[in-house]
Amino acid sequence: MPEAPEVEAVVRTLRPLVQGKQIHRIRVIHEVAVRPQSSAFLNRRLAGAHILDAGRRGKYLLLMLDRGCVAIHFKFDGQLLWFDKAAGAPPRGVHLDFTFEMEDGTLAFVDQRHLGHVQWLCKPDDSPGIKALGVDAFSKLFTLPRLVEICRSRPRPLKILLVDQTRIAGIGNIYASESLWLARLSPWKRSDLLSPAEFKRLHKAVVSVLARALECCLHPPPDFRNPQWWFNGVEKMLRVYDREVKSCRRCGSKIRRVEQGGRSTYFCANCQRQ
DNA sequence: CCTGCTACCTGATGGC
DNA sequence: TGCCATCAGGTAGCAG
């Protein structure tokens, strides 16, 4: 479920934990997590490799190695856990899909639903999904003129455009609704028909929603040692997402849920007009 | 090329 | 209580 702010918080918290460490061995507990790669292939690539850094592209987390890199996508429910070696083996009953075993502990990828995945790549762009990513929403390149260009280049409903990873990378279903609410723009508004003032509001809203979400995700930061930890961005700051029938925090009208591109969009029909 | 639909999975929830 | 349908913060793959 994580969007860019959640993944960014994981990257920043993970970096000091793994930077410079050697992967002694890996273990594939559920092959589905690494499909179409195999446990034998990953072992060959990863055993003995050193982690140089952790990074992010859109919603993908990257572990940069001295030999290639690992791309992890959390999809809806994936998460990372850390088990200190001193504490012994991971307790039974904790679902694990993939583990990196290091000198001082084990980093585990966990995803009961098995939609997320772990892949070894020679370089990030060898993943078609990563290669196709548009400008990262957290990047300095995501400027107002860039947003205007993106919006005009392919006329589509704003909500659909915001979650299109090949245009802007990192915004998901929640922060798309939140950004449009903050910008007071209809999710159906055609992206090429915004006024200059509306473009400016949209850009400002996206940047502000993501920055706030990241702050929430970092305070407190993810606790990989606690199997119960979960991303902490959204709950504290939702203004419209998942508030169907509740009243708009700005004008008091009922928040509505509609379907766009097969997914839920939440909005206030009074504040967010065409 | 583009767009839109479905598959991929499992668990939680709510109505009957 | 049980059963069924629906929903979930995402992408990849395919058809048209």
Side-chain angles (χ1 to χ4, degrees), chain A residues 1-10 29-37 56-61 71-80 93-98 109-119 121 124 126-134 136-137 150 152-181 187-188 190-192 206 209-210 212-214 216-217 222 227-245 257-267:
Chain A
M1 79 188 182
E3 306 182 22
E6 285 81 4
V7 181
E8 181 63 26
V10 167
I29 296 98
H30 292 280
E31 295 273 345
V32 62
V34 301
R35 223 168 35 190
Q37 298 184 340
R56 179 186 62 79
R57 294 285 254 345
K59 303 171 192 170
Y60 292 81
L61 180 143
I72 297 177
H73 202 298
F74 299 111
K75 291 287 176 84
F76 287 106
D77 297 333
Q79 68 180 123
L80 293 179
V94 179
H95 177 102
L96 304 177
D97 289 285
F98 184 101
F109 173 73
V110 174
D111 181 12
Q112 292 219 55
R113 200 168 158 191
H114 291 158
L115 288 174
H117 55 91
V118 178
Q119 305 267 275
L121 302 163
D126 288 351
S127 155
I130 294 177
K131 192 179 171 65
L133 292 175
D136 195 278
I150 291 166
R152 287 185 174 149
S153 71
R154 218 158 312 278
R156 295 152 75 184
L158 282 178
K159 162 68 189 309
I160 302 290
L161 183 75
L162 286 181
V163 298
D164 181 347
Q165 302 302 298
T166 71
R167 301 287 145 193
I168 305 167
I171 306 171
N173 210 35
I174 293 186
Y175 299 134
S177 279
E178 294 292 319
S179 298
L180 290 171
W181 180 84
W188 288 286
R190 246 179 66 175
S191 60
D192 58 329
V206 168
V209 162
L210 294 182
R212 264 203 63 175
L214 177 58
C216 290
C217 287
Q228 309 301 319
W229 85 267
W230 192 241
F231 298 100
N232 207 10
V234 145
E235 303 78 9
K236 291 188 256 178
M237 56 168 283
L238 291 186
R239 291 292 172 271
V240 67
Y241 184 84
D242 203 22
R243 300 196 69 242
E244 187 178 14
V245 188
R257 180 172 75 96
V258 292
E259 192 143 303
Q260 279 183 296
R263 324 221 30 214
S264 290
T265 297
Y266 296 84
F267 77 111

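Just so it is clear, the model here is predicted, and its values are computed rather than measured. Quick note on labels: first sequence line is chain A, next is B, and so on, each numbered from 1.
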Thinking salt bridges, do D164(A) and R156(A) make one under a 4.0 Å N-O criterion?
yes
State whether D192(A) and R190(A) are salt-bridged, where the test is any N-O pair (Lys NZ or Arg NE/NH1/NH2 against Asp/Glu carboxylate O) under 4.0 Å.
yes
Does [X] have a side-chain nitrogen or oxygen under 4.0 Å from the phosphate oxygens OP1 or OP2 of [N]?
{"X": "Q165(A)", "N": "dT11(C)", "value": "yes"}
{"X": "S264(A)", "N": "dC7(C)", "value": "no"}
{"X": "R167(A)", "N": "dT3(B)", "value": "no"}
{"X": "Q112(A)", "N": "dG11(B)", "value": "yes"}
{"X": "K75(A)", "N": "dT11(C)", "value": "no"}

Spacing of [X] atom [atom1] relative to [N] atom [atom2], expressed in whole Å:
{"X": "Y175(A)", "N": "dA8(C)", "atom1": "OH", "atom2": "P", "value": "16 Å"}
{"X": "D164(A)", "N": "dG4(B)", "atom1": "CG", "atom2": "C1'", "value": "12 Å"}
{"X": "H114(A)", "N": "dA12(C)", "atom1": "NE2", "atom2": "C1'", "value": "18 Å"}
{"X": "L162(A)", "N": "dT11(C)", "atom1": "CG", "atom2": "P", "value": "14 Å"}
{"X": "H117(A)", "N": "dC8(B)", "atom1": "NE2", "atom2": "P", "value": "15 Å"}
{"X": "D77(A)", "N": "dC8(B)", "atom1": "CG", "atom2": "P", "value": "18 Å"}
{"X": "W230(A)", "N": "dA12(B)", "atom1": "CH2", "atom2": "C1'", "value": "14 Å"}
{"X": "Q79(A)", "N": "dG11(B)", "atom1": "CD", "atom2": "P", "value": "14 Å"}

What's R263(A) touching, base or sugar-phosphate or nothing? Going by heavy atoms closer than 4.0 Å.
base
May I ask you to say what V163(A) touches in the nucleic acid, namely base, sugar-phosphate or nothing, with a heavy-atom cut-off under 4.0 Å?
nothing
Check every atom of [options] against the side chain of [X] and return the nucleotide holding the closest atom.
{"X": "R154(A)", "options": "dT3(B), dC7(C), dG10(C)", "value": "dT3(B)"}
{"X": "R35(A)", "options": "dC2(B), dC8(B), dG10(C)", "value": "dC8(B)"}
{"X": "Y60(A)", "options": "dA12(C), dA8(C), dG10(C)", "value": "dA12(C)"}

In terms of the nearest nucleotide of DNA chain C, which residue is placed more toward the 5' end: S127(A) or R113(A)?
R113(A)
So which nucleotide does dC16(B) pair with, by the Watson-Crick or G-U wobble rule with both distances under 3.5 Å?
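WC or wobble partner is dG2(C).
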Partner of dC1(B) under the Watson-Crick or G-U wobble criteria, both distances under 3.5 Å, comes out as none
Gap in Å between the two P atoms, one belonging to dC4(C) and one to dC9(B), rounded
22 Å
Can you classify the ring geometry of H114(A) versus H95(A) as parallel (below 30°), tilted (30 to 60°) or perpendicular (above 60°)?
tilted
Among side-chain atoms of Y175(A) and E6(A), is any donor-acceptor pair under 3.5 angstrom?
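Yes, side-chain donor-acceptor contact under 3.5 Å.
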Short question: side chain of N232(A), backbone of C217(A) - any donor-acceptor pair under 3.5 Å?
no
Which of these, R57(A), R56(A), Q165(A), sits in a side chain to side chain donor-acceptor pair (under 3.5 Å) with D136(A)?
R56(A)
